[in-house]
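Worksheet: one structure, shown below.
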Amino acid sequence: MTVLLTEDSAVAKVAGPKAAVLLEKNKGIRTVGDLFEYLPRSYVATNTLTDMSTLREGQTVLVVAQVAKAVTKPLRRSPRQKMLVATLTDGQNQIDLTFFKAWGHQAKLVPGVVGIFVGAVSRFNGRWQLTHPEYEILGSDLDGWDVGPEGRLDTVSRLDHYREHRIPVYSETGNVSSLKIRTMVELAFDSVETVREPLPDDVRERRGLLGRRAALELVHRPRLEDDTEVGVERLRYDEAFVLQAILAQRRKSIEAMEATARMPRAGGLLASFDARLPFELTAGQRAIGETLTEELARSRPMHRLLQGEVGSGKTVVALRAMLAVIDAGGQAALLAPTEVLAMQHQRSISAMLGDLAMGGQLGGADIGTRVVLLTGSQPTAVRRSALNDAVTGDAGIVVGTHALIQEHVAFHDLALVVVDEQHRFGVEQRDALREKGRTPPHLLVMTATPIPRTVAMTVFGDMETSTLRELPAGRSPIQTHVVETSKPAWVERTWQRIAEEVGKGHQAYVVCPKIGDPADPSAADDVEVEPPPDDDGASGAAGEVASRELTGVYDMAERLRAVPSLTGLRIEVLHGRLDPDVKDRTMRAFAAGEIDVLVSTTVIEVGVDVANASVMVVMDADRFGISQLHQLRGRVGRGGVPGLCLLLTEAPEGTPARERLDAVAGTTDGFELARRDLELRREGDVLGARQSGRASSVRFLRMGNPHDAQIIADAREDATAVVDLDPTLAGHPDLAARVAARLDEEQAAYLERG
Ligand code: ADP
Ligand code: MG
C-alpha cells in the first residue's frame with residue numbers, strides 16, 4: 001500500500017489523526033514537508049550495543065534485553081494515574097524502565113518479551129534506570145535467542161536491520177514517541193516521490209551541495225557519523241537561500257518604488273538647528289548625516305539602518321534628517337517602542353529645537369515647525385489636536401508609539417519615518433506606516449543593539465547599514481559589578497553606594513523584573529522582563545530559578561525606604577502599567593532631579609536620558625538577557641559622571657546565568673557582548689519575534705557561528721543573482737513555493753503576536 005504524497009500533504013497521512021493533532025499543536029508540524037524538517041535530536045549508533053555491565057551515569061545506551069518483570073502502581077502525586085516500572089535483564093545485569101503513564105506500555109512490556117531499548121541511563125536508589133526510553137519489541141519470548149556461555153543473550157545475530165544504520169532519536173511529544181516519529185518519517189520517505197528542489201542546479205553544483213532529498217535522507221537515516229552534518233549543511237544553505245531570495249525580492253520592490261526626492265534647503269530649519277547646536281557633531285554623525293541627505297534627495301525610498309551604542313548620538317542624526325525633510329516641505333514620523341520613550345523623545349526634541357519647535361506660536365521662529373505626540377492613551381482632546389496637526393502638516397514631526405500606525409492617523413505629506421529601537425517593531429508595522437505617505441516615505445531605523453553580521457544579513461538584510469562607532473567626547477566609562485545576594489554585606493554596600501551617589505547630588509535607578517502591584521496582583525503582564533535564553537537545557541536549574549519569587553518594584557521601593565542609609569531619599573516607582581500621565585509626570589520629575597531613586601521595570605531600558613543618573617542597581621539580574629543588561633546600564637554614565645552598574649543575583653559562580661552576568665561585567669563593548677549573547681543563546685531564539693520584531697526565526701542556521709555567516713553570505717550572492725534575472729521567480733517554481741510558505745509562516749506568526 002503506497003499512497004503517493006507530496007510535501008504539502010497533511011502530516012496526518014503518515015501520522016494518523018491523533019498524533020497529527022499533537023505534532024501540530026506542540027511542534028508546529030502540519031505537513032509532510034514540516035515532518036522532513038523535524039530533525040532528530042540525536043542518533044544512536046547501532047554497531048555498538050551497550051554492554052549492560054559497564055554503564056555510566058547519563059550515558060545514552062542501546063541495549064537488547066528481556067523484560068524480567070513489570071509492575072504498574074499508582075503515582076504518588078496523582079494516585080489515579082498509573083506508572084509502569086519494568087525490569088530489563090540481559091541475563092546478568094539489570095536496568096529498570098520507568099514510564100509515568102503506564103497506558104500503552106503495559107500491554108507491550110510484559111515479562112518475557114525481548115526488545116531493543118534506547119535512552120539515557122541514570123542512577124536511582126542504587127539501580128540503573130531508563131525513564132521513558134524509546135523501545136521496540138523484537139520478540140515475544142526467548143525462543144530462537146541463543147544464550148551465550150556467560151548466560152547472556154546473544155543479541156547480535158538478530159539485529160541485522162538495526163546494524164546497518166544509526167537510529168535517529170526524535171524529541172517525543174505527548175505520547176508520540178521517538179519511535180513513532182521515526183516510523184512516520186520512514187513512511188513519508190516511501191510515499192513522497194519527489195522532494196522539491198529550491199536550489200537551481202548551477203548553484204548546487206557550484207557550491208558542491210547535495211540534492212535536497214538526499215540531504216534529508218542523510219539526516220534522518222544516516223549510516224556514517226559524518227552523514228548528518230553533510231545533510232544538515234545542505235538544509236542550512238536552503239534556509240539561507242530562501243531567506244535571501246525573500247530579501248532580494250524585498251530590495252527589488254523597494255528599489256522600484258517612486259519616492260519624493262527631498263532636496264536640502266539653504267537657510268532652513270536644519271541650518272538654524274546646526275547653527276545653535278551646543279556641541280560639535282562627531283565625525284561619524286557628520287558622515288552619516290551626509291549619506292542621509294543624499295539618499296533623501298533621491299526619488300527612491302531610503303531604507304537604512306543606523307546602529308550605534310547607547311548614547312552615540314543617533315537621535316541627533318535622525319533629528320537632522322527630519323529637519324531636512326521638513327525643509328523640503330514634508331513631515332517626519334518618529335516611532336518609539338514605548339510610551340515613556342515617545343514622551344521623552346517629544347520632550348527632548350522640543351527642547352533641542354527651542355523656538356524652532358514653536359511654529360505658529362507666539363515667540364516661535366518664522367521657519368519653525370511643531371513637534372506633537374501621539375499615543376494610545378492620550379485624552380481625546382489632546383489626541384484630536386495632534387491628529388489635526390498631523391493631517392494639516394502643521395506638525396513637522398509627529399512622535400508616537402504604534403498608535404501612529406492606526407488607520408485613522410493621516411499625514412499631510414509624510415516624507416520620512418524614523419523607527420527607534422527597531423527590534424520591537426515588525427516589518428509589517430513599518431510597511432503600514434509607509435503606506436501613510438503620498439509616495440512611499442524614506443525610512444530610517446535606529447538600533448542600539450549591535451548587530452552581528454549574520455543578523456545584519458538576515459533580519460536586516462533588506463537595508464543598508466550605517467554605524468556610529470565613536471561616542472561623543474566627554475562620556476564616562478561605566479563600571480559594572482556582580483553582587484551576590486547571598487552576601488548581606490555586599491548588598492548593604494550596594495545601598496550605601498546609592499546613598500553616596502545621591503549625597504553627591506546624583507540619582508539612581510533600581511530595576512526590577514516585575515511590577516508586583518499590590519493593587520493588581522494577578523495582572524498577566526506583571527513580569528515585564530524578557531526571559532533570558534534557556535540555560536543549555538539544564539531544566540533542573542532553570543526550573544528552580546523560574547520558581548523563585550522575583551523582586552517587584554513596589555516591594556523594592558518599600559524595602560529601600562526601610563534601609564537606614566537611604567532614609568529621607570525621594571524614592572518613586574515607574575512601570576509600564578501606570579497611567580500615562582503618571583508615567584510622564586514621574587519621568588519629568590526624575591529628569592528634573594526631584595526624585596532620587598527611581599525603582600522601575602525595564603520601561604527605562606531604551607533611550608531614557610537623564611544625565612544626572614550615575615548608578616543603576618539591577619535586581620534578579622540573572623533574569624535579564626545580556627543585550628538587555630547592556631541596554632539598561634547605558635542609562636547611567638551619560639553626563640560626564642562615571643557610571644556604576646550593580647547586578648544583583650542569587651546565581652552562584654559557574655552557572656550559565658552567572659556567566660552571562662560576568663560577561664556583561666567584563667566588557668562595555670556592545671559588539672563583543674552581542675557576539676557572546678549569540679553564543680550563549682539558543683540559536684532559534686536569535687531571530688525570534690521577541691528580539692527582532694520579525695516573525696522569522698531560523699531552524700538550521702547557527703547565527704553565532706562564523707561558518708554559517710559564510711553560508712549566509714554565499715546564499716545572499718546566489719539568491720540575489722537568481723532574483724535579479726527572475727524577479728517573480730516564475731522560472732523557479734520550487735523556490736517560489738518555499739518562499740511563499742516562508743512568508744505565510746511569518747505572516748501567521750505576526751498575526752498571532754497581534
Ligand atoms: P542615542 O540616541 O544614540 O542613544 P542621543 O542622540 O540620544 O544618543 O545622544 C545622547 C546624548 O548625547 C544626548 O544628550 C545628546 O544631546 C548628546 N550628544 C549627541 N551628539 C553629541 C555630540 N556630538 N557631542 C556631544 N554630545 C552629544
Ligand atoms: Mg536614543
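For ligands, and for the atoms within them, numbers begin at 1 and follow the listed sequence. Residue numbers count from 1 along this sequence. From a predicted model like this one, the values you see are computed outputs, not experimental measurements.
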query = If you measure only the distance, is there a donor-acceptor pair under 3.5 Å linking the side chains of Thr260 and Arg438?
reply = no

Sequence neighbours excluded and cut-off under 3.5 Å, please list the side-chain donor-acceptor pairs for residues 267-275, or say none.
unit_1, atom_1, unit_2, atom_2, d
Ser272, OG, Gly268, O, 3.0
Asp274, OD1, Arg320, NE, 2.9
Asp274, OD2, Arg320, NH2, 2.9

Near [X], which atoms of ligand 1 are under 4.0 Å from a heavy atom of that residue?
{"X": "Thr282", "value": "23 (N)"}
{"X": "Val316", "value": "6 (O), 19 (C)"}
{"X": "Gly313", "value": "1 (P), 3 (O), 5 (P), 6 (O), 8 (O), 9 (O), 19 (C)"}
{"X": "Glu280", "value": "22 (C), 23 (N), 24 (N)"}
{"X": "Leu281", "value": "23 (N)"}

request  = Determine, step by step, whether Arg497 and Glu501 satisfy the salt bridge (charged side-chain N to carboxylate O under 4.0 Å, His left out) criterion, reporting the C-alpha distance in whole Å, the side-chain angles of both residues, the deciding distance to 0.1 Å, and the verdict.
outcome  = CA-CA 6 Å; Arg497 287 295 289 120; Glu501 287 304 309; 3.4 Å; yes

inquiry  = With a 4.0 Å cut-off on heavy atoms, is Ser312 in contact with ligand 1?
reply    = yes

request  = Output yes when a side-chain donor or acceptor of Gln331 lies under 3.5 Å from a complementary backbone atom of Asp413, and no otherwise.
outcome  =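 Side chain of Gln331 to backbone of Asp413, a donor-acceptor pair under 3.5 Å: yes, one is there.
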
ask   = What pairs with Thr551 under side chain to side chain contact (heavy atoms under 4.5 Å, CB included), at least two apart in sequence or on another chain?
value =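 Listed in chain order: Cys512, Pro513, Met556, Met619, Asp620.
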
